[in-house]
Amino acid sequence: MSSKPKIGIYGLTGCAGDQLVILNCEDELLDIVGATDIRSFPMAMSGGDENCPLDIVFIDGTVVQPKDEEMLKRLRERANLLIAVGTCAVWGGVPAMENKFSREEVKKRVYGPTGDLFKTITPQPLSSFVKVDLSISGCPIEKEQLLQAVASLLHGDLPRLPNYAVCTECKMAEYPCLLIEKGHLCLGPITVAGCKARCPSYGRPCIGCRGPVEEANISSEVRLLKEKGFTPSDIQNRLRTFAGAADSLQMESLKEGTNA
Amino acid sequence: MKIITLPKENFAEFVGHLCSFGEIHAPIKRGDRSFVFAPVKDASEIELDCVRTILPLKKYFFRPMEVMFNFCAGEGYEIPSEVTDKRIVVFGAHPCDIHGLNILDMVFNGRYVDTYYLARKSKAAIIGLDCIPDDLCFCRSTRTDFVDTGFDLFLSDIGDKYLVRVGTSLGDDMVRAAESLFYEVQKEDRDAYKRKSIERRESFKTEIQLQDLPGIMDLEYESQVWQDVGETCLSCGTCSMVCPTCYCYSVFDELDLDGSSGRRKRRWDCCLFKDYALVAGGHNFRAKRSSRVKNRYFHKQRGFVSLYGRPSCVGCGRCKAQCPSGIDIVDVITKLRSETRV
Amino acid sequence: MRKSIVIDHLCRVEGHGGITVKIENGKVAEVNMDIFEGPRFFEPLVVGRTYDEVAPILMRICAICSAAHTVASLMAVENAFGIEVTPQTRLLRELLVQGGNIESHALHIFCLAIPDFLGYPSAIALASDHLQEVKMGLELKKLGNTIQETIGGRAIHPVNAVVGGFGKLPSQDELSGLKEQLKRGLEQSLSGFDLVCSLQVPDFCTSPNIYAALSSDGSGYGLFGDKIALSTGGTKDIKTYREICNEGVVAHSHAKQSLFKGKPFAVGALARIALNGEKLSGQAKKAKDKLGMSLLSGNMLYNNAAQAVEMIYSIERSIEIIDELLSVGLNEERPVDIRLRAGTGTGAVEAPRGTLYHSYSFDERGRLTEADVITPTAQNLANIEKDLRVSVENLIAEPKESICSKLEMVVRAYDPCISCAVHLLKVG
Amino acid sequence: MSDAHNYTSDENPYLPKPARIIRTLPQILDHQLFQIRFEKEEMINNFTYRPGQFVMLSVIGTGEAPFSISSSPTRPGIIELCVRRIGHVTNALFKLPPNAPVGIRGPYGNGFPLDKLEGNNLLLVAGGLGMAPLRSLLRYALDNRSKFKDVILMYGARNPDDMLFKYELLELIEQPDVKCLLTVDTDNSGMWKAHVGVVTTLFDHAEIDPNNTYAAICGPEIMFKYVLEELLKRNFSKNRILMSLERNMQCGVGKCGHCMVGYKYTCLDGPIFNYWDAINLPEMV
Ligand SMILES: Cc1cc2nc3c(=O)[nH]c(=O)nc-3n(C[C@H](O)[C@H](O)[C@H](O)COP(=O)(O)OP(=O)(O)OC[C@H]3O[C@@H](n4cnc5c(N)ncnc54)[C@H](O)[C@@H]3O)c2cc1C
Ligand code: SF4
Ligand code: SF4
Ligand code: SF4
């Protein structure tokens, strides 16, 4: 038996982009494989071990149906460390975008009577169901952060991920501010960094794909966007595209001042 | 100080000579109305009228993110050669920019020296350039609108010539490398300089009263102003990143997949971040945003005075220009002064 | 005698799916390709969003073909507003899509399919015996990603391609750099092709197929076009894609299935080569000719070979595009301005797995009122079931395990992208 | 700007010096005493410090953190750090195998003003992990016994199992040249022979002359509060009350800004502050 950490890589409902990021580490993939004991990675390998205890399990995707929830809880039981990878797993992602209408209703409209054959639940992040030991957000996650995380985890440590806003990275890289210069609806001030301000680097406003930074001052962001002429519904749509389930983005907290 | 003149028609040629002293960096345009210091190949690329760049010159010497050393188990540490290898010539530093660097020089010297900053700084030539202030500049109030140390050469526009002050022997070398382009100062040059100097002084539109500010700040420690600014502030870090004299940083290790090699890095930090004053075990010495905002102003306007006898703000206006939520340092200080609440 | 074969979870395909086969009295009674990927209801979610938000949301239907989704989405938006993008934008978009094609095909061929043919559970296992081949596959995959990063700003879910054009243009240096890498990649894709040709392709799933693909515009082979070509003859305007993709709900699947005139049809690399292969040129043409008629034998297991041919094509075409861009020099252009108006538009692209349609309606304020997305895998599902049935019939005497692994092989040959397939459309 | 200068690594204050953990002594739950020795002979010989100073300890690959030196400069060669396991670096430290390499730089901070303390009575008041820096001062004073008048230690822990350096300190109770007062908030063992009650109750057991005594306090915030009250009640001058502050530190050498309190760097001007200075730091009021 090898003493290498036993790893499982799984996806719930989602685009599988975060698992693909793992496969996209073309230069490092063979090293990762060498340093770990990958027990199961259904997207990339057959014949995985679906029962053994795991040291680390990486999960991407959102919980949108009871099947996802069962699978997640089962993985939690098997895993020592459970890592949520990607904005879907961490915040609910695009599937959790709108929580206004009942999924069951839409399902009926879409699938007709056959819809009854499967159940859906309101899309939610992993942390709504199980304890999550580490969250790596991003839609998709950044390769560099993934590799950092893997290196730290193999070393028995949890990685320290950025805990500040995209603006910080935007300014470090000296991109002109789109909010100020162009009046774009940029979510950089409230979105957690780690992407090196990818969108502003292409002259595009941040759409918040990494989810909110801790203690984001949402109400100030909303106020300043209103001053720039955006309608409340446009602002709300934008704010809740990737992290509709986040507490800080619920309507009540948009009004109150947050921890000034 | 040696003072000479450079006719504007010789400017491009002079810039051409500078490349033998290092890679030339000067303000160029980025985006619709922003500027950055970046490498230039010749004088035509330089935006001489740029008022302020997004980032100040600190970015060259105190990098936004840098490897302090690489490590490998059993093999010790290796400092990246990038720290010390490159020579650059920075052209177009405004007086406030140079003051900013002078302040960082003080901070990074002292009982312990920051070898990264100092090594890079020692390999750079600084050529200053006068500027015309805009509404956001208040360097007259911070007394940083004029500079007399910290540059190798300093150019002041006096019409069809530049008046050139030579600050160091390196500056003199640069002049000598293109000796034929320079002339002695004539009477009309002196007159022109003085005239321009008054014109420039009169063009300042923004003033704040800073002399007794430390005392006022102590007095208004509990002011509502901090609460208000705390509510507006996004904690996005922009003001600190763009400030010429914000120098806080954080240190962290990065490990390679092999688990034994990696690097220690540092990156610019900002006292407005939630985790800035957090210690292990969870106690946060500045848990509220208002207390963090207050700290930024205190450090610049109050603490620095106690430590170095002057505020560290150089009145460049960057923090106001770049703050997404529009917080204006001048406004905050004015409010603090007029605060009457008990 | 009753027997059933159930494959709970298909591995090495993107998403969650399974296969159920019921055998009664030695005859195949039922064959189902089960899709239990959770539905994400993308189309209603995007209703009410402004036109510029649509692509960033809908590209997230799928990670592997997010470049194709992005471009199809942008084309549909522009079509609705009656905007023409510049030739430069069209070229850059094509380059982005070619990059996606290279990445996806490399991933499928080297990481998912070759292990199948050689009897390995994964590329990881394959690497212990065939390290060089796996490395080559990874390098080709990386090449596709590098193109997407350079043009789209990110390998997955591009940020730089926007309505009307691009946020930032690549530099000449970046393009020349890409070209150098592509030249190296071309060599590798040729050896990759040889490797694929050396594989024994069994013929247990051979049966007549109807193929559909965009009829490439212009003289060359391509991934874009305004017309849909069908192997039954004739072409149709992409605006009438609904006539071909007649979606219906089936009980065992969260994805809908498409039928053309009541018959299953296939899309993807094999379909494209069947319909447009005559237009191939260069090394890709040589490769196609080498395979000859076997490509058209009705054996879907040849899809991998078709992908290998396409990989050569995509690399050659990318070089061509870069040469074209560099020869005229990049124009520092901004995205074309948009005039909002109420309207409906359709965009179609050949994604790695086949034709992808996006179709939207907007109100006069540029807010989306209706969206419809038809993915290649959704179109292929019925055909997959058809092939599974044929296979079971041919294999019925074999032991269960062997049938199972062969059925999985059939499904994987289609390179299905299950999360893509699970989307939503309004009935009635 | 003028003379290009390549700084040698000797001048680089951020480079940890290679050292090794030669022994670990478990103390109480999640607290261990690490005995560390530099790899290089010259470092062992040249490393001198004052009680109250701290070092930056690197667990290479995980990071760096500040720790007070618990040993005394009177016993050179080995540096002792008493560490509580609480986060990334300390976790990694606790997991290191015997004889593992670590990095040390320092000593940093002002330490206790020994020149002032000498010739006076010493009153050391510690709570919990606050014993770490005070143990250095205590040992120093005992090794230089003649330089000090009375030496009094008051140390409180939650219960006997939470007492750092317990056996070492219990021995001191018997010793004539030091008054060692130990207390626990509660005694869960039933075996505890010394005092029970919060630290301040110990003040009733010692006679203290505020005019020729220096008090050094270190412990949790809440303890500070009560001990200060007690001292001020006894007319202690604010200049004669010394306290050790804890702040976030990333560099230890007065650059990174994190440990700034008001306008003082805890790492340069502290961590030992007298009470007057401390109350004059804006953030301490
Ligand atoms: C002058 C001084 C002396 C100290 N002496 C001791 C001692 O003798 N024994 C002991 O156990 N602890 C001591 N500490 C506290 C010790 O530094 C922290 O427990 C340690 O930093 C925790 O690091 P970590 O990575 O395990 O914790 P984490 O919570 O994972 O990380 C804490 C983060 O905060 C930073 N940090 C910086 N300064 C501190 C700080 N003071 N406290 C907490 N976090 C900090 C760390 O660098 C790290 O980035 C002292 C602190 C100071 C300032
Ligand atoms: S462009 Fe966006 S991310 Fe960058 S500074 Fe402005 S608001 Fe922040
Ligand atoms: S800038 Fe914003 S939207 Fe763009 S990648 Fe970063 S977090 Fe995501
Ligand atoms: S505080 Fe603001 S105005 Fe002052 S130096 Fe810094 S950025 Fe410039």
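Side-chain atoms are counted along with the backbone in the values below, which use heavy atoms only and exclude waters and symmetry mates.
Of the listed residues (D/V253, D/V89, D/T90), the one with the most heavy-atom contacts under 4.5 Å to chain B is D/V253. With respect to chain B, the highest number of heavy-atom pairs below 4.5 Å among D/C256, D/G87, D/C251, D/G257 belongs to D/C256. Counting heavy-atom pairs under 4.5 Å between each of B/R111, B/R286, B/R266 and chain D puts B/R286 at the top.
The closest donor-acceptor contact from the side chain of D/Q250 to the backbone of B/S250 lies at 3.5 Å or more, if one exists at all. In this structure, the side chain of D/K255 does not engage the main chain of B/C248 through any donor-acceptor pair within 3.5 Å.
At most 12 non-hydrogen atoms from other residues, nucleotides or ligands lie less than 6.0 angstrom from NZ of D/K40. The environment of D/K17 atom NZ is dense: over 12 non-hydrogen atoms of other residues, nucleotides or ligands sit within 6.0 angstrom. Within a 6.0 Å radius of CZ in B/F252, other residues, nucleotides and ligands contribute more than 12 heavy atoms. At most 12 heavy atoms of other shown residues, nucleotides or ligands fall within 6.0 angstrom of atom NZ in D/K116. Around CZ of D/R37, the count of heavy atoms belonging to other residues, nucleotides or ligands within 6.0 Å does not exceed 12.
Contact annotation for B/F108: both backbone and side-chain heavy atoms come within less than 4.5 Å of a heavy atom of chain D. Of the atoms belonging to B/L118, heavy atoms from both backbone and side chain fall under 4.5 Å from chain D. For a residue to count as touching a neighbouring chain, one of its non-hydrogen atoms must lie under 4.5 Å from one of that chain's; by this rule B/Y247 touches chain D with backbone and side chain alike. Of the two parts of B/D256, neither the backbone nor the side chain holds a non-hydrogen atom closer than 4.5 Å to a non-hydrogen atom of chain D. Contacts of D/S58 with chain B are made by both backbone and side-chain atoms, with heavy-atom separations under 4.5 Å. With a threshold of 4.5 angstrom between heavy atoms, D/V59 approaches chain B through N, CA, C or O but not through any side-chain atom. Contacts of B/D172 with chain D are absent, with no heavy-atom separation under 4.5 Å from either backbone or side chain. Of the atoms belonging to B/D114, heavy atoms from both backbone and side chain fall under 4.5 Å from chain D.
For the residue pair B/Y112 and D/P107, the shortest heavy atom distance occurs at OH-O, 4.0 Å. Scanning both residues, D/P16 and B/F69, for their nearest heavy atoms gives CD-CZ, 3.6 Å. In terms of heavy-atom proximity, D/L15 sits nearest to B/Y77 at CD2-CB, 4.0 Å. D/N248 and B/V279 get closest at one heavy-atom pair: N-CG1, 3.3 Å. Taking every heavy atom of both residues into account, B/L255 and D/G61 meet most closely at CD1-CA, 3.5 Å. Counting all heavy atoms, side chain and backbone alike, D/E11 lies closest to B/T115 at O-CG2, 3.4 Å.
Summarising the geometry, atom CG belonging to B/L278 is positioned 12.0 Å from atom CZ belonging to D/R247; distances are rounded to the nearest 0.5 Å. The CZ atom of B/F298 sits 13.0 Å away from atom CE of D/M260, with the distance rounded to the nearest 0.5 Å.
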Exercise. Stepwise, does the side chain to side chain contact (heavy atoms under 4.5 Å, CB included) test hold for B/F285 with D/V261?
Worked result: CA-CA 9 Å; B/F285 287 93; D/V261 205; over 6 Å; no
For this session: Given side chain to side chain contact (heavy atoms under 4.5 Å, CB included), test D/Y263 with B/V305 step by step and report yes or no.
Result: CA-CA 9 Å; D/Y263 38 84; B/V305 181; over 6 Å; no
For this session: List the steps and the verdict of side chain to side chain contact (heavy atoms under 4.5 Å, CB included) for D/K264 and B/S306.
Result: CA-CA 9 Å; D/K264 298 241 178 190; B/S306 299; over 6 Å; no
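Between D/Y14 and B/Y249, the two ring planes are perpendicular [angle over 60°; tilted spans 30° to 60°].
For the pair B/R264 and D/I60, the minimum side-chain heavy-atom distance is below 4.5 Å.
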